[in-house]
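In what follows, a structure is listed as structure tokens, so that the remarks can point back to it.
Scope of the values below: all heavy atoms of this structure, side chains included, with no hydrogens, waters or symmetry mates. Each ligand, and each atom within it, is numbered from 1 in the order the structure gives.
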Amino acid sequence: MLVNFNEMLQEAKKNKYAIPHFNINNLEWTKYILEEMQELNLPVILGVSEGAKKYMGGFYTVRLLVEGLIKDLNITIPVCLHLDHGSSFESCKEAIDAGFSSVMIDASKYDLETNKKITSQVVNYAHPKGVSVEAEVGHVGGTEDNVYGDIFRATLEDCLEISKTNIDALAPALGSVHGLYKGKPNLDFERMKEINEALPIPLVLHGGTGIPYDMIKKAISCGISKININTELQVTWHNAVVKFIKENETVYDPRKVISSGEKAMKEKIKELVTVFNPKLLSSKK
Ligand code: 13P
């Protein structure tokens with residue numbers, strides 16, 4: 001059964017670790033992530049962007065795919081199926097109606113009042129159905145699904161305002177970017193800490209790819225409870241598949257080609273989760 005992210009994120013916030021949000025793109029990625037997280041016996045959030053939804057056919061297909069894998073693979077860990085960067089109320093509603101257990105409404109491109117209005121609308125639709133809601137203030141920079149945006153840092157005042165909509169988690173943009181960083185990331189840890197101390201809800205770090213592990217640990221100590229990873233798994237998978245194709249030019253079976261990235265992806269998932277949550281991992285093993 002799919003769950004919303006409330007319990008897993010509240011636990012993470014209380015005990016100062018982070019839950020991974022891994023973006024999924026297809027059957028194989030979903031399977032590898034579920035299998036590895038089950039092996040580690042830790043909860044996971046599967047993020048689906050609007051681009052990935054379109055690629056896979058639609059929200060309904062994605063929900064059935066995830067539920068089917070949970071059943072067939074005997075997955076018993078908590079799994080949250082989450083719309084990543086929902087761009088409108090309609091998109092969030094469509095995901096909720098298709099059975100997603102969580103949504104992000106990203107109205108950060110609008111002014112704060114409009115952001116609050118759209119976010120409230122989503123919360124009012126989601127909460128009676130038990131669906132959790134994440135919102136964003138400021139703007140995470142970089143490129144996602146081929147859309148580029150600049151960084152606008154969130155202020156404490158904006159965070160306090162958006163939290164009045166009753167959201168369950170907040171992604172305050174504090175210098176991280178989607179995709180690969182040019183140079184070292186410049187995260188505003190002071191403000192992260194300040195926002196965490198002022199708000200009871202868990203905080204989310206977008207653009208987790210390429211942030212050095214010591215900075216990830218610092219972000220967790222400043223109150224980050226959910227870390228979004230997309231590009232890192234793409235690059236890891238791609239490197240392994242390119243190597244396989246170069247060494248096996250005559251292999252055309254798609255199952256062999258696609259799954260040549262499985263081992264590397266699973267190793268990367270374990271490595272990241274160990275950084276996000278070293279204590280819990282050692283106690284579970
Ligand atoms: P990266 O692609 O930089 O890992 O960012 C993922 C993300 O924030 C998804 O919302």
Side-chain angles (χ1 to χ4, degrees), residues 5 9 18-26 29-30 32-33 44-56 62 80-88 91-92 95 100 102-109 119 122 132-154 167-188 192 202-213 215-216 219-220 224-239 261 264-265 268-269 271-273 275-276:
F5 62 44
L9 288 192
I19 302 286
H21 154 135
F22 292 118
N23 283 78
I24 56 172
N25 294 289
N26 55 21
W29 283 49
T30 314
Y32 305 156
I33 294 167
V44 69
I45 298 170
L46 301 177
V48 181
S49 68
E50 289 175 354
K53 164 233 179 183
K54 200 167 156 208
Y55 176 80
M56 289 194 265
V62 177
C80 173
L81 181 59
H82 177 74
L83 169 62
D84 191 23
H85 293 282
S87 60
S88 63
S91 180
C92 292
F100 274 48
S102 187
V103 292
M104 173 191 190
I105 172 66
D106 180 0
S108 64
K109 60 178 177 286
T119 301
V122 173
S132 47
V133 180
E134 173 187 338
E136 177 172 321
V137 279
H139 195 72
V140 176
T143 307
E144 190 166 54
D145 277 341
N146 294 321
V147 180
Y148 179 80
D150 284 328
I151 304 173
F152 298 108
R153 282 168 201 254
I167 45 171
D168 304 291
L170 176 65
L174 293 170
S176 61
V177 302
H178 291 125
L180 300 171
Y181 287 85
K182 295 187 185 88
K184 207 176 171 198
N186 182 10
L187 302 184
D188 192 337
M192 206 179 270
L203 300 184
V204 182
L205 178 64
H206 279 250
T209 297
I211 301 181
Y213 289 163
M215 290 178 86
I216 294 246
I220 294 170
I224 292 294
S225 310
K226 169 177 181 274
I227 302 180
N228 291 17
I229 301 280
N230 186 15
T231 310
E232 183 107 46
L233 292 190
Q234 295 185 353
V235 171
T236 302
W237 175 83
H238 179 249
N239 287 344
M265 254 183 83
K268 181 56 79 176
I269 289 167
E271 181 184 307
L272 288 164
V273 169
V275 176
F276 296 177

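- Near Asn23, with a cut-off below 4.0 Å to any heavy atom, the atoms of ligand 1 are 9 (C).
- Considering NZ of Lys226 and CG of Leu203, their distance stands at 11.5 Å, rounded to 0.5 Å.
- A ring-centre distance under 6.0 Å is found for His82 and Phe5.
- Side-chain contact, Asp84 with Asn23: a donor N or O sits under 3.5 Å from an acceptor N or O.
- Between atom CD1 of residue Ile45 and atom OG of residue Ser132 there is a gap of 7.5 Å, rounded to the nearest 0.5 Å.
- Listed by number with element, the atoms of ligand 1 under 4.0 angstrom from any heavy atom of Thr209 are 1 (P), 2 (O), 3 (O), 4 (O).
- Rounded to the nearest 0.5 Å, atoms NE2 (His85) and SG (Cys92) are 11.5 Å apart.
- Within ligand 1, the atoms closer than 4.0 Å to a non-hydrogen atom of Gly179 are 1 (P), 2 (O), 3 (O), numbered from 1 in the order shown.
- Listed by atom number, the atoms of ligand 1 under 4.0 Å from His85 heavy atoms are 10 (O).
- Contacts between Val177 and ligand 1, counted as non-hydrogen atom pairs separated by less than 4.0 Å, involve the backbone only.
- Close approach of ligand 1 to Thr231 (heavy-atom distance below 4.0 Å) involves ligand atoms 1 (P), 2 (O), 3 (O), 4 (O).
- Rounded to the nearest 0.5 Å, atoms CD (Glu134) and NE2 (His21) are 7.5 Å apart.
- The contact set between ligand 1 and His206, taken as ligand atoms under 4.0 Å from a residue heavy atom, comprises 8 (O), 10 (O).
- Only backbone heavy atoms of Ile229 (N, CA, C or O) come within less than 4.0 Å of ligand 1; its side chain stays farther off.
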